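So the structure is just underneath, and the comments pick up after that.
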Amino acid sequence: MAVTQPPPVAAPPVDSAHEGILRRQALRESAARTYARSLPIVPVRARGLTIEGADGRRYLDCLSGAGSLALGHNHPVVLEAIRSVLDSGAPLHVLDLATPVKDAFTTELFRTLPRQLADRARVLFCGPAGTDAVEAALKLVRAATGRTGLLAFTGAYHGMTAGALEASGGAQDVRVTRLPFPYDYRCPFGIGGERGAEMCARLAENLLDDPKSGVQTPAGMILEPVQGEGGVIPAPDPWMRRMRELTATHGVPLIADEVQTGVGRTGTFWAMEHSGVVPDVLVLSKAIGGSLPLAVVVYRDDLDTWPPGTHAGTFRGNQLAMAAGAATLAYVRENGLAARAAELGDRMLRQLSGLATDQPCVGDVRGRGLMIGVELVDPEAGAADDALPGRGLPAVPEIAAAVQQECLSRGLIVELGGRHSSVVRLLPPLTITDEQADAVLDRLSEAITAVSRTAGAGQTGRQPQRGGSRAGLPNPVPGTSR
Ligand code: PMP
């Protein structure tokens, strides 16, 4: 009887542990993975701003868990808080039951809130991601007002679950009315500055004031005080106050999504404090869990009209995250890290502005505190009128992607974002030292210089993208900035 020989088994490729892990990830993980595509790193150790890869390379991490790590990696107070829960024998899973750990977290959280909100605050512990808290906030205001519509803004990012996605700039839904967000460099009205923001406010006011505008009074308005994924765009304070006045006049709850801007990141504990505006609903996640998953919605008591069980879930009591979060909130407050973020952020912005003068591919440098963006553009592709205020030069995502890779090869991890993925974003921990900040800026500026040289030689194969429209190639790494 003829024996069929099995086909020869291909010898597994010989690669290092680092390469093997990356290869298996590429084979086994979903096509929907994001950061892993542009950052082929296998982190094995980390402390503060520094990450060490399985290949022994060290990186300065200015992505910081997409802005989650207010104190950087493995801060001693965070580790100590986690250990003390583990050593205490407390249950790790408690649904939404009361515990001393949760009580301490809530007390610390309320301590950081503006008085007006703290005095009448309710907190909902929801699923642990930012998008879960956004969903919960939308359900809350719909239940409280009996309305369904929502006002949201161009360039917004609120998460990836259905309701949060509707509220974000990339999706469309009949229940969401999209209003222009003031964006100085690419002004929706092509004028920029205070007048551009004024026009944005006027349009919003007109839609709610005009009974025939076609926009019904909505259940809420949701906004980010600094758009993060949208390209690091701080909302002007006067515009923010106009949105507060407008929503108050029409009895529309104002929801501030501070998932990314919270816990000192922008130079005040909560970014809404810059304008003095007190929102009706505050959506929080990322840094409040001290690097572990945690999300909450804080809102004024009169909105708390929904019946028990309206928003339930199994994972709403992550004890380790609450302990790590309480330790983080307390450390940021006690050590004045918001003020430190304001001061260091200003200095970094000033230094980066010098880069903008030297490098024509740097179209704009902006930010608030330690939330900083550098928008990369194609200076050659711009017609004369594109250089006017509020009419940014065409975005070139390939240049931004190339800068990200040049940064990586110099041991610097940066994030991309913006309407066209052409904004290099810095979200360092608030504990970053002056020397580390200098090292970050040196590496970033070397990376931009290196890419400019290549781009000048016409080697990036770039496809300029006109402000406001997606043209040419898709983003080099879709969804990287989420
Ligand atoms: N809101 C804002 C402002 C965010 O920046 C993000 C995440 N980048 C989210 C919501 C969603 O958070 P998560 O990714 O944890 O769902």
Side-chain angles (χ1 to χ4, degrees), residues 30 32-36 39 62-70 124-140 150 152-171 176 181 183 220-235 240 254-266 270-272 279 281-298 313 315-316 318 321 324-325 367-373 414-419 421 423 425-427 477-482:
S30 165
R33 68 194 186 281
T34 56
Y35 304 100
L39 302 171
C62 281
L63 173 54
S64 295
S68 304
L69 305 173
L124 170 82
F125 288 86
C126 53
T131 199
D132 299 320
V134 170
E135 295 291 341
L138 299 184
K139 193 191 277 183
L140 172 82
L150 183 70
F153 290 89
T154 48
Y157 183 79
H158 299 292
M160 281 281 159
T161 51
L165 205 53
E166 280 169 21
S168 303
V176 175
F181 191 85
Y183 181 177
M221 171 188 277
I222 184 165
L223 51 75
E224 297 154 85
V226 180
Q227 284 193 342
E229 308 304 331
V232 195
I233 306 168
M240 187 68 88
L254 177 64
I255 307 168
D257 179 345
E258 292 236 28
V259 166
Q260 192 165 140
T261 51
V263 195
R265 164 82 36 212
T266 70
W270 306 109
M272 295 298 283
V281 182
L282 198 51
V283 177
L284 306 175
S285 186
K286 291 198 196 270
I288 62 156
S291 74
L292 296 179
L294 187 65
V296 298
V297 184
V298 179
F315 289 106
R316 290 178 293 153
N318 189 329
R368 212 155 203 188
L370 289 174
M371 196 167 170
I372 293 172
V414 295
E415 160 80 306
L416 294 186
R419 312 299 216 259
S421 289
V423 179
R425 306 177 54 208
L426 300 178
L427 289 163
V477 186
T480 289
S481 61
R482 303 306 191 216

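In this chain, numbering begins with 1 at the start of the sequence shown. One-based numbering, in listed order, for ligands and for the atoms of each. Computed from a predicted structure; not experimentally measured.
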Phe181 backbone acceptor or donor facing Thr154 side chain under 3.5 Å: yes
Exam field: side chain Arg419 to backbone Gly230, donor-acceptor pair closer than 3.5 Å: yes
Enumerated ligand 1 atoms positioned under 4.0 Å from heavy atoms of Thr131: 11 (C), 12 (O), 13 (P), 16 (O)
Val259, portion touching ligand 1 at heavy-atom distance under 4.0 Å: side chain
Side-chain donor or acceptor of Thr131 paired with backbone N/O of Ala164 under 3.5 Å: no
Side chain to side chain contact (heavy atoms under 4.5 Å, CB included) partners of Ala287, counting only residues at least two apart: Ala70, Val263
Proximal ligand 1 atoms for Asp257, defined as those under 4.0 Å from one of its heavy atoms: 1 (N), 2 (C), 3 (C), 10 (C)
Qualifying residue for side chain to side chain contact (heavy atoms under 4.5 Å, CB included) with Gln260, from Met371, Glu224, Arg265: Met371
Side-chain donor/acceptor of Ser64 to backbone N/O of Leu427, under 3.5 Å: yes
Residues that Ala321 engages under side chain to side chain contact (heavy atoms under 4.5 Å, CB included), provided they are two or more places apart: Leu292, Leu294, Asn318
Ligand-side contact atoms (ligand 1) for residue partner Ala129, heavy atom cut-off under 4.0 Å: 15 (O), 16 (O)
Ligand 1 N/O within reach of Gln260 N/O, cut-off under 3.5 Å: yes
Heteroatom proximity flag, Gly130 to ligand 1, N/O under 3.5 Å: yes
Distance filter under 4.0 Å to Gly159 heavy atoms, resulting ligand 1 atoms: 11 (C)
Under-4.0 Å heavy-atom contact with ligand 1, by part of Glu258 that carries it: neither
Close N or O approach (Glu224, ligand 1; < 3.5 Å): no
